[in-house]
Amino acid sequence: MHALASLFPERFLRDLSVQTSGTYVSTALQLVRGILIARLLGPASLGVYSFVNIFISYSSYADFGMGRVPSREIPLALGAGDSEKAEEWRWYGAFATTACALLAAAAIAAYVAIAWDSLDATLRIGLLTACVVIVTSAFAVEQQVVLRAYQYFGRLNALVVFTAVVSLVAGVAGAWIAGVRGVFISQAVAYLLAAVVSLVLAGRPRPSRVRLGFMWLMLKAGIPYAVINLVGYNLINIDQIMLVALLSQEALGVYMPVLYAGSAVAIFPNAVVVATGSRLIRRFGEFRTMESIAGLTWRPVKGLSVSMPILCALAWIFAPLGIVWVLPEYVDAIPPLRIYLVGVFFLGLNMGTGSTLYAINKHMFDIPIVLGCIALNVILDIVFVNQLGFGIAGIAMGSAFTYCAYWLGHTALVHRFFGHGWKRAAWSCLATGWPGFALAAVTVLAWITDSLDNTVDLAGVLVVIAASVLFAFRWRDALRGALPRRDDKDSRR
């Protein structure tokens, strides 16, 4: 510990440890909730539940990105020493997000009223409770944005963990008592409680007169966020839409353990992004140079290149065992799960540079890359599922190829803004991404030998050995890469 303290700022170590532990706890609770609900509902009902959640997820973009703007503007204002401007951004973020969520909820409620007779009764209940979830979750998430922007990581984690605990208890109770309808109702109750608790932890935004000029400024700033986040969401979650379009809602239910495993592996890179993102943006707000944020951009990538293969390898081995033991109805998810983990490696590695384009206000340049990757994903899904007949495994293949392509394109773009040539960018990608290609090779070997759905096999042994060696020889590099050094002057703030 003394060696770590001498190398890395104490404040950052504390924030990263708090953020990582809190994220692990909340995600673990969400995974337990997902597993228990999947076991209680079965693939068919879980598919209906997941289908309704697609509506909720897309409704979160109804604010045209205005709720995302404070995540950049508050740290920039604080970096410039203007706390009043930071507070103003907070108020407008909460106002815009909540107002737009109310409009989205009203639109869904109107649709349910118009199509009442043609909708299944369970789907009607799901959509109506979704209206409550859309509004309450929008406010709670905006409060999380504020806590993250002000670097109140302890309060942020308390809110996230509380939401996960309430969702777990209410969701399991609802599924046990009333099936999927009970889950819908419990979800609405959980997010309502989360919104109330967020007022305690983050405080109430200080109201001010709503100025149309400021709202227009926020809308112009928010639309790029909305576009990039929406296309980014589609990049990650297009699987769910394609599963319903090409296969069925029940296939979506079977595929959910795959997404649960991906979310579990993504905990650490997400925690790194949260711990470094606001610092990176604030530092750029102070110095306005690319050199000032170079360390906070590339050192996380180096750390993730070591930690992600270890996490993916552990999931590659043990997640199928968990499915066999806990969710035997979902054993068809094992092959796509292992394929999907290859893509998760590249997606997690990409998170290392996730805040850089936002900080320098160049994130719009990422949109063509994401749109191209979404189109690639759709094409690959159609080919793998309809033409080659790979089923849900084909969906996972499409995602793995797409995530790798996006990592390459996005990382090359970041290198470009740092003034790096294509050779340096290529060597950098190869140096950090080779573990993902190695995991892909093992997965292909398991596919060829028809052992991808086995819980214990030669390929699994190779993955464990490779991960152990990597961990034994490079764990220090992982720590040094993931954390900023003492020369990052803003890290103690």
Side-chain angles (χ1 to χ4, degrees), residues 15 18-38 49-50 52-61 63 67-68 70-71 90 93-94 97-98 101-102 104-105 126 129-176 182-205 229 233 236-237 256 259-260 262-264 266-268 270-271 273-275 277:
D15 287 346
V18 169
Q19 182 61 35
T20 303
S21 59
T23 304
Y24 266 107
V25 170
S26 62
T27 304
L29 292 172
Q30 293 171 20
L31 290 174
V32 171
R33 177 182 183 271
I35 291 171
L36 293 177
I37 289 178
Y49 170 67
S50 302
V52 171
N53 279 341
I54 293 176
F55 282 84
I56 296 174
S57 298
Y58 277 100
S59 297
S60 65
Y61 299 98
D63 65 349
R68 183 70 171 79
S71 67
R90 177 186 179 181
T97 299
T98 306
L102 285 169
T129 55
C131 296
V132 179
V133 174
I134 288 168
V135 177
T136 54
S137 65
F139 181 78
V141 169
E142 186 64 23
Q143 293 284 77
Q144 293 180 28
V145 169
V146 171
L147 291 173
R148 185 178 298 113
Y150 280 94
Q151 298 181 21
Y152 296 150
F153 295 117
R155 299 181 189 182
L156 172 63
N157 287 330
L159 177 57
V160 171
V161 171
F162 174 82
T163 304
V165 170
V166 174
S167 297
L168 169 61
V169 175
V172 173
W176 183 273
V183 177
F184 286 138
I185 296 173
S186 70
Q187 187 172 239
V189 173
Y191 277 104
L192 178 60
L193 292 174
V196 173
V197 171
S198 73
L199 287 171
V200 178
L201 294 175
R204 184 171 60 89
N229 286 329
Y233 174 82
I236 308 301
N237 296 280
M256 290 310 294
L259 301 180
Y260 295 157
S263 298
I267 293 174
F268 182 74
N270 274 316
V273 170
V274 171

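Nothing here was measured: the structure is a model prediction, and the numbers come from that model.
- Separation of atoms CD1 (I56) and OG (S50) is listed at 10.5 Å; rounding is to 0.5 Å.
- Considering only heavy atoms from C-beta on, Q143 stays 4.5 Å or farther from R204 through its side chain.
- L102 CG to C131 SG: the interatomic distance, rounded to the nearest 0.5 Å, is 10.5 Å.
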Practice problem: Check the pair L36, W176 against side chain to side chain contact (heavy atoms under 4.5 Å, CB included), reporting the backbone distance first and the verdict last. | Solution: CA-CA 10 Å; L36 293 177; W176 183 273; over 6 Å; no
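- In this structure, the side chains of N157 and V25 stay at 4.5 Å or more apart for every pair of heavy atoms.
- When all heavy atoms are compared, the tightest approach of V52 to A130 is CG1-CB, 4.2 Å.
- Atoms CG and OG, on L192 and S137 in that order, are 11.0 Å from each other to the nearest 0.5 Å.
- Nearest heavy atom pair, residue F162 against residue V197, reads CE2-CG2, 3.2 Å.
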Quiz item: Step by step, would you call T129 with Q187 a side chain to side chain contact (heavy atoms under 4.5 Å, CB included)?
Solution: CA-CA 8 Å; T129 55; Q187 187 172 239; 5.7 Å; no
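- A pairwise comparison of heavy atoms in S198 and F139 identifies OG-CE2, 3.5 Å as the closest pair.
- Taking each heavy atom of I35 and Y260 in turn, the nearest pair found is N-CE1, 4.3 Å.
- At most 12 non-hydrogen atoms from other residues, nucleotides or ligands lie less than 6.0 angstrom from OH of Y191.
- Here the side chains of E142 and P70 are in contact, with some heavy-atom distance below 4.5 Å.
- Note: S60 OG to F55 CZ = 13.5 Å, rounded to the nearest 0.5 Å.
- The two residues S186 and A170 make their nearest non-hydrogen contact at CB-O, 3.0 Å.
- Nearest heavy-atom pair, T163 versus A194, reported as atom, atom and distance to 0.1 Å: OG1-CB, 3.3 Å.
- Looking only at side-chain heavy atoms (C-beta outward), V183 and R33 come within less than 4.5 Å of each other.
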Quiz item: Can you list the steps and then say if N53 with V133 is a side chain to side chain contact (heavy atoms under 4.5 Å, CB included)?
Solution: CA-CA 10 Å; N53 279 341; V133 174; over 6 Å; no
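- With rounding to the nearest 0.5 angstrom, the OG1 atom of T98 is 13.0 Å from the CD1 atom of I134.
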